Structure formats: structure tokens, C-alpha cells
Amino acid sequence: MTLEAEHMEISLNAGDLDVASLVKEIRDEVSKKRQEGVYTDARIGRAERHNLMYMADSEELLRFYLNCLRDGVHVDINDYQIEDRRTGWKGKGLVKMKTVIWKLLKFYTFRMWHQQNQINGLMVTAIESSFQQYEKKIASLEERLAKLEGDSAK
Amino acid sequence: MKLVFITPRFLPEGVVGGAETLIRDLALTSVQAGHEVHLLTTCAIDHFTWSNEREPGEETVDGIQVHYFRVNEDRNIEVFLRIQDQIDKERPVSREDQQRWAENNVCSRDLSDWLRKEGGSFDAILVGPYLFGITLESAKIFSEKTWLIPCLHDEAFARLDIVADMFHASKGSLFNSEPEKALAIRLYDLNHDCGQVVGMAMEPFDVDKEAFAKKHQLDTPYVLYCGRQEGGKNTPLLLDYMHSYVERRQGAVKLVLTGSGDVPVPEKLRPFLLNLGFVSEQEKHEAMAGAVAFIHPSTNESFGIVLLEAWLAGTPALVHDRGEVLRWQCERAEAGLWFRYYPEFEAMLDRLIEDEKLNTTLGENGKQYVLCTYERAAIAERLFAVLKG
């Protein structure tokens, strides 16, 4: 690499590495994997909550975030394998106690979570629909603009 | 030349903020280049209270003649905070209120009086960082020979009229990076000759790469962040990303943090986190040397001292795409990668962990870049090329 600062010129980079190309290469790989569903994971959607403010102008991130949201939108209210790290009679007892607590909890909160899931689902659908509608509108406006510019050039 | 530097805080033996460290270092560079150097500062140590903790007076530190002045104790903190809150929320603030904010900011009448009386004998006055009352007031006194060391960030305070006035009235600015200069030109409609990029000297160090892992019994690779832990530095994003990374990779790597601050840590990340708070410079350098990558997610930096230190330790960097300055450093040095969102972060961190050759090359590039670009002689050359016009 040749660095051209105000008062000097220095040759660096023994490895002839071009980080901009490397970043592009990794981004292409990520893009491919994303299409294959490698990153369809609620944990990723959760991780992006602080990033949206920086990348709000990125259409790509918004689309990706909507996919994450779709994947993680429903609160999981299904039964799951209840375990305890302790072994022996103490562990077995604790598993039984936790199972009873879970059943009670599920019984009393099922209706609330069910309604919440319906709301979450409707909201994501509404956001996705708006996004798609605006995308279509912008595409059609761009097409009209290009046509008008073409006509005026003639 | 006879120079005077002005900065809000100075600790002879300790570490203060990045901008203050940078200004002290430029003063030191000037002393070592054979110039007479004075540094005006306040008696405050704590950047929350700004109370006068030390006695006013003078002392010589590393050849710099340091003068301590009392912060105005009659500042109206209530008015200051009320207007600051409006500025912070990007609400319209009148020029009068901006002036009231500056007057009730960290100011020192004693310092201003000294500068009015003695400032005429100096060849140049260098003040910074931009958003302190002490800077805004000092810059007005001999504006024709005042150089700003702004350490400018793209934030609400930078868009104040009184800050724009200061940039227009002063002789010029010493910037830390090209993106910082571009930001000043964009915000204040300045000419390209409004200042030069100088930076600060970085001292090389030699440490044992294994020492940190041995001391803290780390048996897996670790990534590191050093600095304030707060929203403004994007630390919550780093914690969220590492939370997802250790879950998806079954804890293949640990996160080490050093520096002050308190941000909520996700429960499942705790077993993979080592948060040391303040550590000695020696330990920080050892941590840097042994890390698989130095992650700096901040999008609001004017220089990135810790990034350059990590490169001196031979460690590659991973930064946020929107951190213009840090990304600029990575591109120039060919020593780091930049991510836009989690999948890229994951893929890049995987690559840095798995590809040892790439990791070494990036780290070595970073080290050579810092040694060449931020060597003290190079800084002195750039600084005095500007000051001597």
C-alpha cells in the first residue's frame, strides 16, 4: 500500500492485502448465505436492536431485519424439555416441581400470550406490507421519472 | 516558537480523556522539538463534577510549563443542564441561549485573564477540544493566532452557531483524520485550507503476548474492547453481537473489556465476559497483544487512540462501517475489517479467528502503519509545517 499523507509517502503492507476487496468478498459470501437462510435466526434479530439507528438508511438491513422479525415474532408457548443441572433425587424433585410450575403458568397465561402472538403477527404483516407497497411505488415513480427524462432528452 | 496549549484537564501522572491526552502529547512533541511550551488547564480532575480539586499554581511536567486555574465556581449548572438538554435533543436553541450555555459550561475567568495579559507574547495558541466553555472563550481572545484542536464529532453540539463562529474566526484547525476535516468543511462551509491533519505520536511498546491469558487463565481465544463502556461508544451493540456470537458458535471465543462504564450485560454472555474496569497501561497492552481481534464498534470517533495501540500490539481490528474515522484508519492501514450488521460481524470474526495468516498480516500491517504515520518525528514535522505556515 502506498500512503500519501500531507508530508510523506510510505510503502506498507508486506502481504499485498487489499482489505476493501476482502470486505467485499466476505459481504458477497454473507449475501449468498443469507439467501440460503443461514442467518434466519431470532438471536440475530435481537442483536440488531442497537444497530438500526446507525443503519436506518440501509434498505438491505431493513429487509434483513424484517426477515429476522418475521422469524422471531411469535412468543414460544409450547412445552419444552425441563432439566436441572443437579443429579440424583434432588435433581428429579426439582424437575417435577418446575414442570408443575410451568403447567400452572401456561394455564394462567396461555390466553394472554395467544393474543400477544396474534398482535405481533398482524403488526409484522402490516410493516412488511407497507414496506412492499412503498418499494413498488418508488419503483414505479423511478420508472416514470426515467421515461420523462428520456422524453425530454429527445 | 513560543506556544501555549489550552485544555480542560491535565493530570501529571494519570490518564484523562482521549482529547486531553492528544493535546498533552502535541505539547510534549513541541517541547522535544526544542520549543518553549506552556499549557493552561483547570484545577479540576473529575469530568462529572468539575470541582476544583487541586490548588492553582504552576509546575513543570516533562518540560511543559503547566499553569492550573480555578473553574468558575459561580457557574449556573441548572441553566447549563437545561440548555444542554435542549441541544442534546436537537431542539432549536437561540444564539443567546447558546451563549448562556457556553458561559455556564466549564470556564475559567482566571485562565482567560492570564491569556489576555500574556497571550500577546506567544506565537501560537492551540485550544481544544471544541465543546468546552474554556475552549469557546479562549479562542475569542487572540483568534488571529488561535489554532483549534477540535476533536470534532458529528453530534448536536457541533451544529451550534457559536461553534461555527469559532471555526470561522480562528486561524485554522489541527485535525486528527481526513474524515474529521471533511466533517468540519461540511458543517461550517469552510475552505479546504481550513486546517491540516496532524494526529498524535504513538509510542511503540513490547509486551509478552501470552501474559494476559496466563494471568487471567483464559484457555480460549478472546476479543477485546478498551475504552468507555456506554451507548455513545456503541458498547451495547458489541455486547448484543457477542451474545449472539457465543450462542451460535457455542462459546468459541471470550470478550474482554477494559475501561469505565456500566452497561447491562445479557445473562447468557456473562460466562464468556471478562470485564476488568480500569487496568494499567502495561496490562492493557498485554491484553491487546494476546487478543485475536480488537473490536471498536463506535461510530463517533475523531482519531481512535486505542485502535492504534491495538495495532502497535500487532492485533487486527474489527470496526463498524459507519464509524467513518475508524474505517478510514482500517482502509489506510490495510489492518482491519468493517461490518454493517450482525451476519457480516460473524463472518468477519470467524475469518479472523480461523485464518491465522490473515490475522498476522493485518496485525503486522497495522503495526507498520502506526510506526510510520504516528512516529513523533512525523507528527512534529506535520505540526510545525502547519504552525510555521
Side-chain angles (χ1 to χ4, degrees), chain A residues 1-68 72 85, chain B residues 178 196-199 231 234-245 247-248 266 268 297 299 316 320-323 327 330-348 350-351 357-358 360-362 364-369 371-373 378 381-382 385-386:
Chain A
M1 182 194 78
T2 300
L3 173 73
E4 288 178 2
E6 289 282 337
H7 303 285
M8 61 191 163
E9 192 160 302
I10 306 157
S11 287
L12 299 175
N13 192 11
D16 289 329
L17 186 69
D18 177 1
V19 285
S21 304
L22 179 60
V23 167
K24 190 181 174 303
E25 180 198 312
I26 295 173
R27 282 182 178 173
D28 291 344
E29 277 173 26
V30 166
S31 184
K32 206 173 141 198
K33 280 186 186 170
R34 214 179 57 224
Q35 281 160 14
E36 290 165 3
V38 173
Y39 302 110
T40 312
D41 185 338
R43 289 174 296 192
I44 297 178
R46 178 196 63 200
E48 295 296 0
R49 64 193 170 137
H50 289 108
N51 202 29
L52 275 176
M53 61 190 271
Y54 301 106
M55 303 296 292
D57 57 341
S58 164
E59 201 179 303
E60 198 182 338
L61 179 71
L62 191 58
R63 194 170 287 120
F64 167 68
Y65 190 74
L66 280 174
N67 285 339
C68 293
R85 62 188 163 79
Chain B
E178 286 294 343
Q196 299 292 347
V197 176
V198 175
N234 225 354
T235 322
L237 177 112
L238 173 62
L239 294 178
D240 277 350
Y241 275 19
M242 286 308 297
H243 179 200
S244 293
Y245 189 85
E247 277 194 351
R248 281 170 60 86
K268 287 183 181 167
T299 58
H320 198 290
D321 179 85
R322 295 296 161 98
R327 182 183 157 171
C330 285
E331 281 187 273
R332 277 185 11 137
E334 304 280 9
L337 309 175
W338 51 94
F339 60 88
R340 290 176 298 179
Y341 47 90
Y342 179 81
E344 290 180 3
F345 173 87
E346 184 182 282
M348 287 171 184
D350 282 348
R351 190 73 78 92
K357 190 170 170 248
L358 172 71
T360 309
T361 308
L362 288 167
E364 193 51 40
N365 282 352
K367 188 170 184 173
Q368 290 309 315
Y369 167 77
L371 289 175
C372 294
T373 318
E381 196 183 323
R382 293 204 286 271
V386 177

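Everything numeric here is computed off the predicted structure, so don't read it as measured data. To find a chain, count down the sequence lines: A is the first, B the second, and so on, and within it residues start at 1.
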note = When the 4.5 angstrom heavy-atom criterion is applied to B:Thr299 and chain A, the contacting part is side chain
request  = Please state whether the side chain, the backbone, both or neither of B:Arg327 comes within less than 4.5 Å of a heavy atom of chain A.
outcome  = neither
message = Any heavy-atom pair between the side chains of B:Trp338 and B:His320 that's under 4.5 Å?
response = no
ask   = Taking only residues two or more places apart in sequence or in another chain, which ones pass ring-ring contact (aromatic ring centres under 6.0 Å, His included) with B:Tyr245?
value = none
query = With A:Tyr39, which residues qualify under ring-ring contact (aromatic ring centres under 6.0 Å, His included), at least two apart?
reply = none
request  = Output yes when a side-chain donor or acceptor of B:Tyr342 lies under 3.5 Å from a complementary backbone atom of A:Glu48, and no otherwise.
outcome  = no
ask   = salt bridge (Lys or Arg N to Asp or Glu O under 4.0 Å) with B:Arg340: which residues, sequence neighbours excluded?
value = A:Glu60, B:Glu344
request  = Among the options B:Asn234, B:Thr360, B:Leu337, pick out the one with the most heavy-atom pairs lying under 4.5 Å from chain A.
outcome  = B:Asn234
message = Consider side chain to side chain contact (heavy atoms under 4.5 Å, CB included). Of A:Val19, A:Asp18, A:Leu17, which one does A:Ser21 pass it with?
response = A:Asp18
message = Testing the basics here: between B:Ala378 and B:Cys372, what is the closest heavy-atom pair and its distance to 0.1 Å?
response = CB-O, 4.0 Å
query = Does anything in residues 23-33 of chain A get under 4.5 Å of chain B by heavy atoms, and if so which residues?
reply = A:Val23, A:Glu25, A:Ile26, A:Arg27, A:Glu29, A:Val30
